[in-house]
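To start, the structure under review is shown below, and the notes come after it.
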Amino acid sequence: MSDGIKINESELEGVSGGAGSWQQYAKGTYVNYGNYIVYTVARGDVVSGIAIRFGVTTEQIKQWNSLKDVNVISVGQKLTIYPTVIR
């Protein structure tokens with residue numbers, strides 16, 4: 001984990017499946033470029049899970065990647081993220 005903001009388990013309860021379930025919603029890999037990462041979407045990923053994994057919001061991911069709809073992402077798609085945490 002980086003020195004960024006830490007999310008405690010109680011903050012994850014809004015994700016389907018309860019606390020800690022971010023792990024099942026962010027399965028892809030990423031490359032760390034220092035102040036940002038490039039995340040490769042994996043099968044089963046949802047933007048909200050990716051957002052929780054990296055301590056950002058779905059709206060931020062939408063803006064950074066010019067997504068029209070956060071509910072539409074594709075396996076293999078590359079997303080640029082400026083994380084506050086890395087898990």
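Computation of the quantities below employed the complete heavy-atom set of this structure, encompassing side-chain atoms and omitting hydrogens, waters and symmetry-equivalent molecules. Nothing here was measured: the structure is a model prediction, and the numbers come from that model.
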Closest heavy-atom contact between [X] and [Y]?
| X | Y | result |
| --- | --- | --- |
| Lys27 | Gly44 | NZ-CA, 4.4 Å |
| Gly28 | Asp45 | N-OD2, 3.5 Å |
| Thr84 | Gly55 | OG1-O, 2.6 Å |
| Ile37 | Asn32 | CG2-CA, 3.8 Å |
| Val70 | Thr58 | CG1-O, 3.9 Å |

**OP:** Flag the pair Val72 / Leu67 as yes when at least one side-chain heavy-atom distance between them is below 4.5 Å, and no otherwise.
**Re:**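 Answer no - side chains too far apart.
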Original post:
Got a sec, which pairs hit side chain to side chain donor-acceptor pair (under 3.5 Å) with one end in residues 67-77, sequence neighbours left out?
Top reply: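 Qualifying pairs, neighbours excluded: Asp69-Asn71.
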Original post:
Out of curiosity, does Tyr39 fall in the hydrophobic cluster containing Val75 (side-chain heavy atoms, cut-off under 4.5 Å, transitive links)?
Top reply: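 Cluster IDs for Val75 and Tyr39 differ.
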Euclidean distance, [Y] [atom2] relative to [X] [atom1], rounded to 0.5 Å:
| X | Y | atom1 | atom2 | answer |
| --- | --- | --- | --- | --- |
| Gln60 | Thr80 | CD | OG1 | 13.5 Å |
| Arg53 | Tyr30 | CZ | OH | 5.5 Å |
| Ile73 | Asn65 | CD1 | CG | 10.0 Å |

Original post:
Taking only residues two or more places apart in sequence or in another chain, which ones pass side-chain hydrogen bond (donor to acceptor under 3.5 Å, both in side chains) with Lys78?
Top reply: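 Testing Lys78 for side-chain hydrogen bond (donor to acceptor under 3.5 Å, both in side chains), a comparison that skips the adjacent residues, returns Thr40.
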Subject >> Residue pairs, two or more places apart or on separate chains, that pass ring pair (Phe, Tyr, Trp, His ring centres under 6.0 Å) and touch residues 61-84 >> reply: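 Residue pairs with at least one partner in residues 61-84: Tyr36-Tyr82, Trp64-Tyr82.
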